[in-house]
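What follows is one structure encoded as structure tokens, with my remarks underneath.
FYI, side chains are in, hydrogens and waters are out, and symmetry mates aren't considered; it's all heavy atoms of this structure.
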Amino acid sequence: MSLELGLDTFGDIAEGPDGAPLHPATVVREVLAEGELADRLGLDFFGVGEHHRDDYAVSAPDVVLAALASRTERIRLGTSVTVLSSDDPVRVFERFSTVDAVSNGRAEITVGRGSFIESFPLFGLDLADYETLFEEKLDLLAAIVSEQPVRWEGSTRPPLSVDRIMPATESGRLPVWVGVGGTPQSVVRAAHYGFPVVIAIIGGSARQFAPLADLYRRALTEMGKDELPVGVHSPGYVAATDEQARDEFMPHFLPYMNKLGRERRWAPMGKEQALAQLGPGGAVYCGSPDTVAAKIVDTVQVLGLSRFQLKYSFGTLPHDQRMECIRLYAEEVVPRVRAQLGER
């Protein structure tokens with residue numbers, strides 16, 4: 001199975017020349033330009049995350065992906081992630097099977113709980129139902145994407161009995177991945193439904209997640225299922241040199257990590273801790289093309305990956321730097337990764 005190399009963005013809201021946050025409409029248009037560039041340069045995947053807070057512009061990734069579908073030719077278009085817990089699985093399928101039609105079969109979904117909880121009160125959901133909502137909605141989505149008659153009952157919505165949900169996909173199955181953090185239950189659940197996984201590594205070494213990838217593969221084997229892809233989503237930034245990458249990325253990385261830390265009551269992150277995350281044992285793939293390629297190759301080999309997704313937008317990192325990062329990733333990093341792995 002050939003390695004897929006792609007990109008993720010949440011539509012992070014950067015600052016304009018006056019230092020004020022850009023309007024979300026401007027950021028959405030920037031995301032479209034970034035997706036177009038990724039397609040033009042031959043990358044395999046472009047993922048757009050769903051959030052419902054004022055530091056990210058994308059709350060309706062299916063709409064953004066539909067717009068990208070008409071402006072791109074070959075790149076696969078998906079989510080990173082769709083917050084299934086606060087959505088309706090029927091509508092999720094309807095929206096993304098429509099994107100699949102518009103894109104000539106290039107759509108996919110990565111579902112997850114999401115790393116924020118703003119969507120729960122926004123859509124009138126109780127956080128006390130956090131686990132049940134995701135488990136039942138994933139169960140229903142699994143039934144729906146088989147594109148067979150659905151006969152389903154649960155506790156979070158009335159029973160569903162329907163012979164067909166429209167529009168059907170031309171291939172007969174809409175690709176669904178499950179975004180997972182570090183919990184064994186998440187990968188075992190994904191294996192149960194026969195869904196590939198994307199491991200979100202946003203802190204620490206990728207090597208720490210090797211037992212999780214091994215557990216997923218063991219679960220597939222024990223359940224009598226075929227081997228399925230494993231992907232990784234991690235933040236990163238590429239510039240001409242390691243020093244330039246650090247200098248350009250750190251002013252956006254460290255303040256944003258501490259902003260999240262204040263929200264989640266983490267201890268403040270200092271500059272040395274931040275630099276460690278950018279180093280060989282950290283979660284951030286930041287540096288020159290040689291440095292980033294070597295780190296990706298190591299992660300691919302340690303975890304046995306089928307896909308790597310670089311989360312290239314981060315905090316207030318501006319659009320022009322994101323575009324240059326995409327260019328270097330596609331033209332310099334990807335060829336190095338493929339050469340080191342013996343792929344053409």
Side-chain angles (χ1 to χ4, degrees), residues 48-50 52 59-63 65-66 69 76-114 117-180 183 185-198 216 219-220 222-226 228-229:
V48 181
E50 172 195 346
H52 303 271
S59 60
D62 52 298
V63 178
L65 295 173
R76 293 201 61 78
L77 302 169
T79 53
S80 301
V81 298
T82 293
V83 185
L84 188 62
S85 306
S86 56
D87 211 330
D88 178 78
V90 176
R91 292 294 290 147
V92 169
F93 175 81
E94 290 176 337
R95 297 197 304 264
F96 283 92
S97 62
T98 301
V99 176
D100 198 62
V102 174
S103 65
N104 292 311
R106 292 185 282 128
E108 58 184 60
I109 318 170
T110 300
V111 297
R113 291 177 171 85
I117 59 172
E118 285 81 3
S119 62
F120 283 80
L122 186 63
F123 297 116
L125 299 169
D126 190 339
L127 268 174
D129 299 327
Y130 184 82
E131 293 290 340
T132 303
L133 283 166
F134 184 74
E135 290 172 4
E136 290 201 356
K137 291 185 178 190
L138 185 64
D139 187 61
L140 178 54
L141 183 66
I144 292 169
V145 297
S146 69
E147 302 197 34
Q148 300 295 318
V150 177
R151 307 287 182 262
W152 184 90
E153 291 187 17
S155 64
T156 56
R157 58 160 291 161
L160 181 64
S161 179
V162 62
D163 288 338
R164 170 174 275 194
I165 295 173
M166 293 294 288
T169 63
E170 289 180 305
S171 67
R173 191 168 181 89
L174 183 67
V176 175
W177 299 62
V178 177
V180 300
T183 62
Q185 297 90 336
S186 295
V187 297
V188 172
R189 183 185 298 116
H192 169 74
Y193 290 111
F195 290 147
V197 295
V198 179
Y216 174 68
L220 288 171
E222 291 171 6
M223 295 173 189
K225 299 182 186 295
D226 294 335
L228 291 170

Between S97 and T169 (side chain of the first, backbone of the second, donor and acceptor by atom type, cut-off under 3.5 Å), is there such a pair?
no
Would V145 and F93 count as a side-chain contact (heavy atoms from CB on, under 4.5 Å) if you check the C-alpha gap in whole Å, the side-chain angles of each, and the deciding distance to 0.1 Å?
CA-CA 7 Å; V145 297; F93 175 81; 4.1 Å; yes
Note: R91-D62 ion pair, threshold 4.0 Å (strictly below)
no
Look at atom CD1 of I117 and say whether more than 12 heavy atoms of other residues, nucleotides or ligands are closer to it than 6.0 Å.
no
In sequence, state the C-alpha distance, the side-chain angles, and the governing distance for V187 and H192, and then conclude on side-chain contact (heavy atoms from CB on, under 4.5 Å).
CA-CA 9 Å; V187 297; H192 169 74; over 6 Å; no
Non-neighbouring partners of E108 that pass salt bridge (Lys or Arg N to Asp or Glu O under 4.0 Å), sequence neighbours left out
R76, R307
Might you point out which heavy atoms bring V102 and A69 nearest each other, and give the distance in Å?
CG1-CB, 3.7 Å
What's the spacing between S155 OG and D129 CG if we round to 0.5 Å?
7.5 Å
Is there side-chain contact between V48 and T79, with at least one heavy-atom pair below 4.5 Å?
no
For D126, does the CG atom have more than 12 heavy-atom neighbours from other residues, nucleotides or ligands under 6.0 Å away?
yes
Taken to the nearest 0.5 Å, the spacing of S171 OG from D100 CG works out to 5.5 Å
Check whether any side-chain N or O of R113 sits under 3.5 Å from a backbone N or O of S85 as a donor-acceptor pair, and report yes or no.
no
Is there a side-chain contact between E222 and V188, using heavy atoms and a 4.5 Å cut-off?
no
Salt-bridge criterion met for K137 and D88 (N-O under 4.0 Å)
no
Side chains of E50 and S59: is there a donor and an acceptor less than 3.5 Å apart?
no
Please report the interatomic distance CG(L133) to CZ(F123), rounded to the nearest 0.5 Å.
13.0 Å
Nearest 0.5 Å, please: how far is OH in Y193 from CG in L228?
15.0 Å
Short side-chain donor-acceptor distance under 3.5 Å, T156 and E136
yes
Hey, are the side chains of R95 and I109 touching, using non-hydrogen atoms and a 4.5 Å cut-off?
no
Closest non-hydrogen atom pair between A190 and V197, with its separation
CB-CG1, 3.4 Å
Quick check for you: to the nearest 0.5 Å, what is the distance between T132 atom OG1 and Y130 atom OH?
12.0 Å
Is there a donor-acceptor pair under 3.5 Å between the side chain of T82 and the backbone N or O of L84?
no
Measuring only between side-chain heavy atoms, which start at C-beta, is P196 closer than 4.5 Å to V178?
no
Taking the side chain as everything from C-beta on, heavy atoms only, tell me whether T98 gets closer than 4.5 Å to P167.
yes
Min side-chain heavy-atom separation R164-P149 under 4.5 Å
no
Of all heavy-atom pairs between V150 and I144, which one has the smallest distance, and what is that distance?
CG2-CA, 4.1 Å
For side-chain contact (heavy atoms from CB on, under 4.5 Å), just list the numbers for M166 and E94, CA-CA rounded to whole Å, side-chain angles, deciding distance to a tenth of an Å, and then say yes or no.
CA-CA 6 Å; M166 293 294 288; E94 290 176 337; over 6 Å; no
I want to check something: taking the side chain as every heavy atom from C-beta on, are D226 and L220 in contact at a cut-off of under 4.5 Å?
no
My understanding is that only residues two or more places apart in sequence, or in another chain, count here; which of them pass side chain to side chain donor-acceptor pair (under 3.5 Å) with R189?
E135
Measure across T110 and G179 and return the closest heavy-atom pair with its distance rounded to 0.1 Å.
CG2-N, 3.5 Å
Between S103 and A107 the two heavy atoms that sit nearest each other are OG-N, 3.5 Å
Please test D139 against W152 for side-chain contact (heavy atoms from CB on, under 4.5 Å), starting from the C-alpha separation and ending with a verdict.
CA-CA 9 Å; D139 187 61; W152 184 90; 2.8 Å; yes
Looking at NE2 of H52 and OG of S119, how far apart are the two atoms once the value is rounded to the nearest 0.5 Å?
5.0 Å
Heavy-atom distance under 4.5 Å between the side chains of V180 and V198, does that happen here?
no
Give a yes or no on this: more than 12 heavy atoms of other residues, nucleotides or ligands lie within 6.0 Å of atom CD of E131.
yes
